[in-house]
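Each ligand, and each atom within it, is numbered from 1 in the order the structure gives. For this chain, numbers begin at 1 and follow the sequence in order. What you see is a predicted model; the values in this text were computed from it and never measured.
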Amino acid sequence: MIIGKKRLKQEHLQELIKQIKQKKELKELSDEYIQDYLYKFFQQEIKLFNQIVDDFNPKSANYKRVLKEVRAKLRRVYGLFRVEDQATKRREIIELYFIQPENEQLIKDILATHSSTKERLPFYEQLYKKIFAITKIPKSIIDLGCGINPFSIQFMQLKELKYLAYDLSEEEIGFIKRYFSLLHQQDPSFNGEAHILDALRWTRLLELPIVDICFLFKMTDVLDQGKGHKKSEEIIKAIPAKYVVVSFPTLTMSGKKMNHPRKGWIELVCKRLNYKFRLLEFSNELFYVINKGVK
Ligand SMILES: C[S@@+](CC[C@H](N)C(=O)[O-])C[C@H]1O[C@@H](n2cnc3c(N)ncnc32)[C@H](O)[C@@H]1O
């Protein structure tokens, strides 16, 4: 990593990343994402970067400061969604499911281990029906920042489907890959791929194949990180899909109803870019089905 006139050796960078990941709530993050984060961090902290390069010493105060500050920031943007108890439970249920794939209840149990997917359990079928009534039956879907949402594919009731799932979490992508190969065995007309991808590196999105629909469920707050909505806008623009479905929670973290759940900013973005949208409202989540006008 080079910043200014100094270069942090590759083996030192790797060691730093490894140490950052030693906290259990951060261990699923991809190395690439942490590296990008470190780069941004050191660009703001050039003096600290120079000191670390000159004296790479895991026992030094400078080194400890980097670990502490970078972990704290990563936790804020990423760790929020992971409750370790749930992650352990999820691992166990998923392993059980791979032993008993005929036990469909286990899929619901897996979805119940993440707050976003748990909240959708009562209306998943309705949700997909309503989305597809607007978009027409899709043959291809991208799920960006998918979490464990791909485990809800059975609720889509689609015959032939290409499903591309992307997230930062190595563990979840690993589970989804295994789930997709099982689905393919059960029905060869289903083809799924799951990869680590950082949506913030949005130019990479331009390289993906054009699909019918892209899901961007509960992602905009994660991507914007409280700094306006430029990132989300860039990403929505770059997504190679005919429709993008963007969702927002209507409950606060503590479970209270939000005063203004409608998101004015996304409606303005659609107006500016000349995208038409339809709004689907469920008890705890709003879905904007955005038609990008791609033929
Ligand atoms: C609130 S969860 C939503 C998960 C899923 N979309 C859903 O609604 O069920 C946010 C997800 O975004 C992923 N994530 C966070 N930052 C990301 C990024 N820059 N690129 C890709 N995925 C990201 C997290 O790993 C997490 O799975």
Less than 4.0 angstrom from a charged side-chain N to a carboxylate O is my criterion; do D54 and K6 meet it? yes
Heavy-atom proximity to atom 3 (C) of ligand 1, best of F217, Y33, Y166, F151: F217
What part of C146, side chain, backbone, both or neither, has a heavy atom within less than 4.0 angstrom of ligand 1? backbone
Selected option - heavy-atom contact closest to atom 10 (C) of ligand 1, from R201, M219, H114: M219
Flag the pair F180 / F190 as yes when their ring centroid distance falls below 6.0 Å, and as no otherwise. yes
Could you tell me, atom by atom, which parts of ligand 1 come under 4.0 Å of a heavy atom of T117? 9 (O)
Below 4.0 angstrom from a heavy atom of L197, which ligand 1 atoms are there? Numbered from 1 as shown, please. 20 (N), 21 (C)
Under a 4.0 angstrom heavy-atom cut-off, which atoms of ligand 1 come close to K218? 1 (C), 8 (O)
Under-4.0 Å salt bridge between E170 and K27: no
Against heavy atoms of V222, which atoms of ligand 1 measure under 4.0 Å? 15 (C), 16 (N)
Restricting to heavy atoms, the pick from D167, L168, D143 nearest atom 25 (O) of ligand 1 would be D167
Plane angle bin for W265 and H229 - parallel if under 30°, tilted between 30 and 60°, otherwise perpendicular: parallel
Could you tell me whether the side chain of F132 reaches within less than 4.5 Å of the side chain of I213, counting heavy atoms only? yes
Looking at non-hydrogen atoms alone, which of A165, G145, S169 comes nearest to atom 6 (N) of ligand 1? G145
Centroid-to-centroid, Y128 to F155, below 6.0 Å? no
Could you name the option among E285, E172, E119, R120 that has the heavy atom nearest to atom 9 (O) of ligand 1? R120
Aromatic ring proximity, centroids under 6.0 angstrom, F56 and H12: yes
Compute the centroid of each ring, for Y97 and then for F151, and state whether the two points are separated by less than 6.0 Å. no
Is the contact between A199 and ligand 1 made by the side chain, the backbone, both, or neither, using heavy atoms and a 4.0 Å cut-off? both
For D198, the ligand 1 atoms with a heavy-atom partner under 4.0 Å come out as 18 (C), 19 (N), 20 (N)
Under 4.0 Å from one or more heavy atoms of S116, ligand 1 contributes atoms 7 (C), 8 (O), 9 (O)
To the nearest 0.5 angstrom, please state how far the CD1 atom of I210 sits from the OG atom of S140. 9.5 Å
